[in-house]
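Heads up, the thing below is written out as structure tokens.
Proteins get letters first, then strands, A, B, ... in listed order; numbering begins at 1 in each.
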Number of protein chains: 2
Amino acid sequence: MVEAAAKGAYHHGNLPDSLRAATAELIAEKGPSGFSLREVARRAGVSHAAPAHHFGDTEGLLTSLAAEGYSTLADALEEALQSSDDPYECLLAGGRAYVNTALENPGHFAVMVVNDQVCNTDGEFLTESMRSYEALQAMIIKIRDQLNPELDVDAACTFCWASIQGLVQLSGLLDKVADDMGTTKASLDESIESFTHLMINGMSGEQPA
Amino acid sequence: MVEAAAKGAYHHGNLPDSLRAATAELIAEKGPSGFSLREVARRAGVSHAAPAHHFGDTEGLLTSLAAEGYSTLADALEEALQSSDDPYECLLAGGRAYVNTALENPGHFAVMVVNDQVCNTDGEFLTESMRSYEALQAMIIKIRDQLNPELDVDAACTFCWASIQGLVQLSGLLDKVADDMGTTKASLDESIESFTHLMINGMSGEQPA
DNA sequence: GTTCGATCTTGTCACTGTCAAGCAAATTTC
DNA sequence: GAAATTTGCTTGACAGTGACAAGATCGAAC
């Protein structure tokens with residue numbers, strides 16, 4: 001507690017962080033089903049039972065990884081939220097932030113989105129996922145205030161969240177890593193734009209220029 | 001091949017079907033991570049290696065289950081497609097069909113949506129998932145023809161698919177089974193309506209009555 | 001410099017997926 | 001209608017897994 005960095009200086013250095021990193025890397029490489037506590041321990045250079053000491057069990061480790069992912073996502077969304085006052089631009093920035101974060105953290109997102117091994121009542125998990133949700137909510141409120149005063153904010157939030165999450169999934173970002181990160185990223189950028197347009201104007205609305 | 005029903009009459013009766021059913025039940029009970037080949041074999045009353053004979057390995061069994069799920073979904077979507085000529089009513093019927101099928105087949109949907117243990121290049125899997133996608137596409141074409149001639153059908157399909165899939169996920173239909181099926185079903189019905197409205201009119205559009 | 005608690009290791013257990021070999025029943029072949 | 005063959009399933013084995021218990025080792029506090 002004396003030094004700033006000393007907080008994380010254990011025998012190993014900082015095992016919890018190393019274990020999370022190893023887990024993210026492993027899942028990004030082999031997919032969620034390729035995960036194993038023992039392999040993670042091996043990669044971090046510790047014995048097979050070391051993870052249990054910090055995270056209890058598999059669920060504990062994966063939950064912690066998911067919380068870390070939501071924390072990163074929340075930061076990105078909050079930044080996007082303040083990037084513009086125009087509701088369309090703001091939502092677009094949010095979509096880009098979501099997708100970019102997913103691309104940069106495939107191992108995290110694989111456990112964040114759908115994973116029955118994650119405890120979604122965990123404190124830090126709840127805090128960070130709520131922070132992400134609230135950033136989205138603020139974007140939707142901008143839309144309500146400037147475009148449609150009668151908009152049901154809750155319904156719209158669920159709608160946007162589901163849509164963007166579905167997009168990330170459909171793009172195959174969650175299984176094995178996209179080896180063609182380049183082309184994936186390019187087509188995703190287009191998708192984000194068409195999604196944003198459709199979310200705001202709907203399928204019956206006028207088309208973009 | 002002589003009799004109609006004889007095709008499935010093995011020692012056990014019809015092991016492949018029994019194994020799929022046991023798998024769906026097990027996953028619905030304990031979630032995808034609670035699945036085990038040996039537990040499935042136990043429930044079907046056969047030895048631990050019996051499944052391998054029909055499905056090769058875990059991936060084979062889960063892929064087969066996913067294909068079965070998409071087949072059911074495609075049937076439901078095709079029925080919804082023909083339920084109305086009104087594009088809004090048709091899409092609404094499609095959304096209801098999707099959600100109802102998911103509710104009635106939680107074990108199937110848990111492996112259909114996101115699962116790196118499913119081989120998505122499998123023939124039957126491809127056939128049935130394409131059949132589902134094409135039913136949705138036909139709905140979107142109705143929208144284009146009657147509401148918005150300039151609609152990008154492919155983009156709209158991806159959008160709808162992602163949205164509805166995201167909704168099913170967010171509703172927690174894929175983890176553990178919803179024990180409160182009643183209330184879930186009711187709130188889902190509302191969600192489907194608001195989703196359909198938002199997909200067609202967008203967040204900036206006029207609100208429903 | 002001893003105590004004490006946090007960090008990590010070693011050893012073990014029941015369980016898992018997969019493979020190889022064998023058995024039994026059904027179907028074919030003559 | 002018996003022999004041969006294919007199909008359906010069982011038994012046995014092996015390396016790997018998650019979780020637990022007990023012990024070792026290190027850092028810090030006093």
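The backbone N or O of B:Glu25 lies less than 3.5 Å from no partner atom in the side chain of B:Lys30, so there is not a single donor-acceptor pair. Within the 3.5 Å criterion, the main-chain N or O of B:Ile192 finds a donor-acceptor partner in the side chain of B:Thr196.
Of the options B:Val118, B:Thr58, B:Thr121, B:Asn115, a side chain to side chain contact (heavy atoms under 4.5 Å, CB included) to B:Thr63 is made by B:Val118 and by none of the others. With B:Val153 as the fixed residue, the side chain to side chain contact (heavy atoms under 4.5 Å, CB included) test singles out one of B:Ile143, B:Ile141, B:Thr158: B:Ile141.
Here C:dT9 is the nucleotide among D:dA19, D:dG18, C:dT9 with the atom lying nearest to any side-chain atom of A:Ser47. Of all nucleotides listed (C:dA6, D:dC9, C:dG17), C:dG17 comes nearest to the side chain of B:Thr58. Here D:dA19 is the nucleotide among C:dG17, D:dA19, C:dC8 with the atom lying nearest to any side-chain atom of A:Leu37.
Atom NE2 of A:His54 is separated from atom C1' of D:dG18 by 17 Å (rounded to the nearest Å). Note: CG (A:Leu15) to P (C:dC8) measures 4 Å, nearest angstrom. If you take CZ of A:Arg43 and P of D:dT17, they are 12 Å apart, rounded to a whole angstrom. Remark: C1' of C:dG22 and NE2 of B:His53 are 13 Å apart, rounded to the nearest angstrom. For B:Phe55 and C:dG17, the CZ to P distance is 15 Å, given to the nearest whole Å. Straight-line distance from the CG atom of B:Leu61 to the P atom of C:dT18: 10 Å, rounded to whole Å. In this structure, A:Asn14 places its CG atom 17 Å from P of C:dA6, rounding to the nearest Å. Distance NZ (B:Lys30) to P (C:dT16): 9 Å, rounded to an integer number of Å.
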Quick one: which protein N/O atoms are closer than 3.5 Å to N/O atoms of nucleotides 11-15 of chain C? Pair and distance per line, please.
from   : atom 1 : to      : atom 2 : distance (Å)
C:dG11 : O6     : A:His48 : NE2    : 2.7

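Among the atoms of the strands shown, none is found under 4.0 Å from any heavy atom of B:Ala52.
Ion pairing between a basic and an acidic side chain is recognised when a charged N comes within 4.0 Å of a carboxylate O; A:Arg96 and A:Glu89 show no such pairing.
Side chains of B:Thr23 and B:Leu62 form a contact here, defined as non-hydrogen atoms less than 4.5 Å apart.
A donor and an acceptor atom, one from each side chain of A:Gln165 and B:Gln165, are nowhere located under 3.5 Å apart.
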